[in-house]
2 protein chains.
Amino acid sequence: MNQETIQALVNPGSIALIGVPRGLKAGKVFLLGLLDLGYSGDLYLVHPSAEAIDGIKTHQSLTDIPGEVEMVIVLSPKESIWEVLDACAAKKVTVVVLYTSGFSELGGGHDRRDEERMREIARSGGFRIIGPNCMGIYSPGASLAPFPMMPRVAGNIGFLTQSGSLMTLFINACALKQLHFHSSISYGNSCDIGLAELLEWMYTDEQVGVICSYTEGLEDPGALHDVFKRHAWRKPLVMWKVGSTDAGGRAAASHTGSLTGKAHLWDALFRQFGIISVSDIEEMLDTVMACSRFSRSGRGRVVIISGPGGPAVSASDAVERNGLEMATLSESSRKRLENILPPTGTSRGNPVDVGLGASFELGFYLDTLEVLIEDAGIDALVILGGGISDDMNRTYVDGLIRVKEKTTKDLIVVTYPGFMQRDEILAPLHAHGIPVYSTPERAMKAYARLLRFERFQEGRISAVSCSR
Amino acid sequence: MNQETIQALVNPGSIALIGVPRGLKAGKVFLLGLLDLGYSGDLYLVHPSAEAIDGIKTHQSLTDIPGEVEMVIVLSPKESIWEVLDACAAKKVTVVVLYTSGFSELGGGHDRRDEERMREIARSGGFRIIGPNCMGIYSPGASLAPFPMMPRVAGNIGFLTQSGSLMTLFINACALKQLHFHSSISYGNSCDIGLAELLEWMYTDEQVGVICSYTEGLEDPGALHDVFKRHAWRKPLVMWKVGSTDAGGRAAASHTGSLTGKAHLWDALFRQFGIISVSDIEEMLDTVMACSRFSRSGRGRVVIISGPGGPAVSASDAVERNGLEMATLSESSRKRLENILPPTGTSRGNPVDVGLGASFELGFYLDTLEVLIEDAGIDALVILGGGISDDMNRTYVDGLIRVKEKTTKDLIVVTYPGFMQRDEILAPLHAHGIPVYSTPERAMKAYARLLRFERFQEGRISAVSCSR
């Protein structure tokens with residue numbers, strides 16, 4: 001994709017919607033999305049018969065629009081698609097988003113030939129296509145959304161997805177943790193612009209810090225391999241590859257017409273290029289949170305600070321099981337903890353058991369943290385705790401934020417299911433960039449995945465500098 | 001444990017608390033728990049100097065109490081423990097719950113010998129001990145709780161845990177899903193009553209339908225093996241065994257003085273006896289929900305019904321990856337679905353893609369379900385969907401409940417992170433026994449675990465009847 005295409009994709013100055021339904025049908029969401037986010041560029045509606053839709057004047061055809069059109073979003077039925085694409089060429093648009101479905105996902109060679117024809121029309125007409133069978137673009141910096149009620153705040157996460165519904169689901173789930181997106185592209189059957197090109201752009205765009213993707217399959221494995229070879233070391237890519245089982249492969253074929261490929265081939269590719277592979281939406285969220293929140297300087301030496309004893313044991317298992325290291329506390333830390341913690345019902349090793357009394361006296365948690373952030377042998381502090389009331393938990397959260405302000409070490413908060421998980425209490429932690437996980441297992445898995453990428457990255461960077 | 005011990009454990013007619021602090025310290029929670037749940041038996045407080053605590057008259061010693069005492073809860077410091085145990089013998093109590101800590105979890109042979117001495121005093125005094133270093137008993141049917149704000153509703157889940165904090169965390173997390181407990185025992189260092197005896201009771205108690213446990217280690221593997229051999233086929237046991245790594249083993253030793261054992265030995269035991277092994281609190285909750293909610297008659301033939309396409313693909317992966325079967329729809333079902341669903345943007349195979357329009361027209365979901373519950377080739381229906389507003393989601397939930405009332409097949413609702421996950425909207429599903437999971441991966445993993453247990457159970461039952 002050239003710069004003009006990228007600009008038209010994520011920051012178009014003008015958009016035309018073709019085929020917006022008059023009533024509240026599925027295609028209406030594209031208009032509602034743009035109106036809800038307050039898209040401020042030139043917005044045109046094309047409809048053959050309606051005079052206006054939702055109070056917005058319509059044009060009879062694309063070529064009737066007086067001004068320039070950078071992006072066209074096509075919601076028309078399958079039958080009219082060729083006429084629309086010809087009009088896009090005549091209008092000299094830059095990018096076409098094809099929501100229209102009914103092509104290779106139906107199976108059968110005829111429909112695949114349709115997609116080849118689309119690509120040819122785009123090539124000769126001088127425009128590019130996202131889709132068909134996609135939801136298109138979310139770009140909050142340009143107030144662009146294919147669905148209403150999407151988050152308005154922009155961030156540095158890029159999300160590439162073959163599934164449009166996962167775009168809205170994942171972005172909204174991330175918003176609850178105040179993880180925000182630079183942009184997301186739902187690219188569906190990818191008749192023209194596919195994963196490799198989109199990845200190359202996101203790898204090299206400095207506004208994107210972390211990339212994640214939901215991928216069913218792809219047409220050109222060679223192109224993806226090439227992109228990984230040149231760019232995979234630049235930033236973490238969290239990849240949720242589905243359709244690797246027979247049942248999943250059949251489902252993917254009927255969803256986006258994808259050839260999903262064998263799991264072991266994908267696994268080999270992931271290992272070779274440090275790609276972080278995840279297997280469900282929660283893992284993807286956990287890992288993107290790690291990539292967004294963690295400091296990326298640690299060696300994986302973890303200390304666990306816990307009031308409840310059981311979770312501390314399972315957290316210790318999680319550290320070792322994920323190839324991380326239980327930090328050894330310095331003599332000085334141990335001595336200082338002896339002065340802070342009660343002599344019984346606590347433990348000053350690692351895990352540091354601050355005792356059940358800490359639920360009543362939050363100082364046991366916070367004073368322990370103050371000691372441990374000064375211990376040079378520790379990279380990350382996992383805190384399992386909380387008070388016995390909402391008010392105490394608010395105080396606890398404030399205290400954690402004050403500790404975090406004093407340190408560059410990673411502070412990782414674990415809440416536990418049913419315990420201190422209310423969004424309004426946790427919100428300040430998210431706002432201050434402190435990652436929050438619902439179990440130590442999930443936290444350590446995500447942290448270890450990021451560290452493995454960083455080791456890949458360091459190895460790659462040093463290999464490059466040696467060869468120079 | 002004999003019947004008298006079991007009765008005193010989960011339904012004591014009288015309780016004495018020794019060592020309740022005057023102020024709001026950790027030990028106070030035991031009294032607050034009993035008052036909060038409204039324990040209606042005889043409740044006595046023993047304190048050497050206070051006249052009354054929280055308005056309740058105290059007794060100077062256990063033997064000063066006029067009436068019978070079935071259960072004694074000991075919160076006294078370590079130093080006074082021998083005097084207290086002697087008093088328990090003199091008073092002829094039935095069960096002693098020792099919250100007091102500072103024994104084998106500190107390490108060193110001396111403390112282990114202390115626990116042997118406790119057991120000997122109990123044996124000669126004619127009572128049994130739970131603990132030391134434990135939280136004791138939760139038994140909502142008898143209004144017994146070691147912590148305030150515990151759920152009041154009783155159910156049929158039994159929970160045995162070495163960690164007291166996990167008892168409260170897990171039970172409260174389950175309450176949010178309306179999964180209720182017959183009882184839970186936090187048994188800590190288990191100087192006397194240990195896991196094997198507790199399991200034997202729960203396996204043979206008809207009021208307990210599902211057992212779960214959090215286990216760090218145990219003193220007598222032979223006794224556990226023997227209990228499994230005789231009883232494991234009776235009901236599902238969901239076991240969260242921690243401390244299997246070196247780091248976790250060390251943490252467990254300082255938590256409950258447990259010898260944790262090698263992971264591969266435990267794994268062999270689990271396989272031999274159909275024990276369902278889980279590795280974190282979320283998996284335990286997911287699996288207990290499956291054991292409590294599912295019908296236990298299915299063969300694992302799953303149909304996926306989804307509006308969003310991406311989740312349907314990953315759900316198909318999850319079915320196959322967990323050894324379940326994608327159901328083949330009957331010809332009749334396919335034909336009926338053709339009449340219900342729009343021709344494009346949907347799929348009438350398995351997964352059944354009801355299309356994105358179903359978010360606006362919930363009838364597409366519900367009519368599809370009505371067809372599929374009549375298909376004899378299907379055991380379980382996984383539904384991924386919802387409407388575009390809270391009101392629509394309430395309608396959707398009502399519709400699912402009406403479908404469930406017409407069928408014995410399992411209905412499994414998947415919500416997705418950040419989407420239709422608000423407790424107040426989902427509550428009616430829980431109340432009607434419909435399991436709700438946050439991803440298809442978690443749902444299928446839990447379902448498959450239950451089915452594996454059922455196969456173990458069927459094999460065991462048929463083996464028993466053959467040999468007769």
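Just so it is clear: chains get the letters A, B, ... in the order the sequence lines come, proteins before strands, and each one is counted from 1.
Residue A:Met135 touches chain B through its side chain alone, counting heavy-atom pairs closer than 4.5 Å. With a 4.5 Å cut-off on non-hydrogen atoms, B:Asn350 does not touch chain A at all. Proximity to chain B (any heavy atom under 4.5 Å) is shown, for A:Met167, by neither the backbone nor the side chain. At a 4.5 Å heavy-atom cutoff, the contact between A:Ser314 and chain B is made by backbone and side-chain atoms alike. Heavy atoms closer than 4.5 Å to chain B are found in both the backbone and the side chain of A:Asp246.
The distance from the CG atom of A:Asp317 to the CD atom of B:Glu216 is 9.5 Å, given to the nearest 0.5 Å. From B:Leu384, atom CG reaches atom OG of A:Ser165 across 9.5 Å, with rounding to the nearest 0.5 Å. Between atom OG1 of residue B:Thr439 and atom CE of residue A:Met284 there is a gap of 12.0 Å, rounded to the nearest 0.5 Å. The distance from the CZ atom of A:Arg442 to the CD1 atom of B:Ile281 is 12.5 Å, given to the nearest 0.5 Å.
The main-chain N or O of B:Ala247 is found under 3.5 Å from a side-chain atom of A:Glu320 such that the two form a donor-acceptor pair. Counting only distance, with no hydrogens or angles, the side chain of A:Ser163 and the backbone of B:Gly310 share a donor-acceptor pair below 3.5 Å.
Ranked by non-hydrogen atom pairs under 4.5 Å with chain A, the options B:Ser347, B:Ser101, B:Pro311, B:Gly357 are led by B:Pro311. Counting heavy-atom pairs closer than 4.5 Å to chain A, the top residue among B:Val313, B:Val319, B:Val242 is B:Val313. Of the residues considered (B:Ser359, B:Pro351, B:Gly349, B:Gly243), B:Gly243 shows the highest number of contacts with chain A, using heavy-atom pairs under 4.5 Å.
Within a 6.0 Å radius of NZ in A:Lys28, more than 12 heavy atoms belonging to other residues, nucleotides or ligands are found.
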Are B:Glu441 and A:Ser279 close enough, and set up right, to give a side-chain contact (heavy atoms from CB on, under 4.5 Å), and what steps lead you there? CA-CA 8 Å; B:Glu441 288 76 12; A:Ser279 62; 5.6 Å; no

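Residues B:Ser316 and A:Thr245 fail the side-chain proximity criterion, which asks for heavy atoms closer than 4.5 Å.
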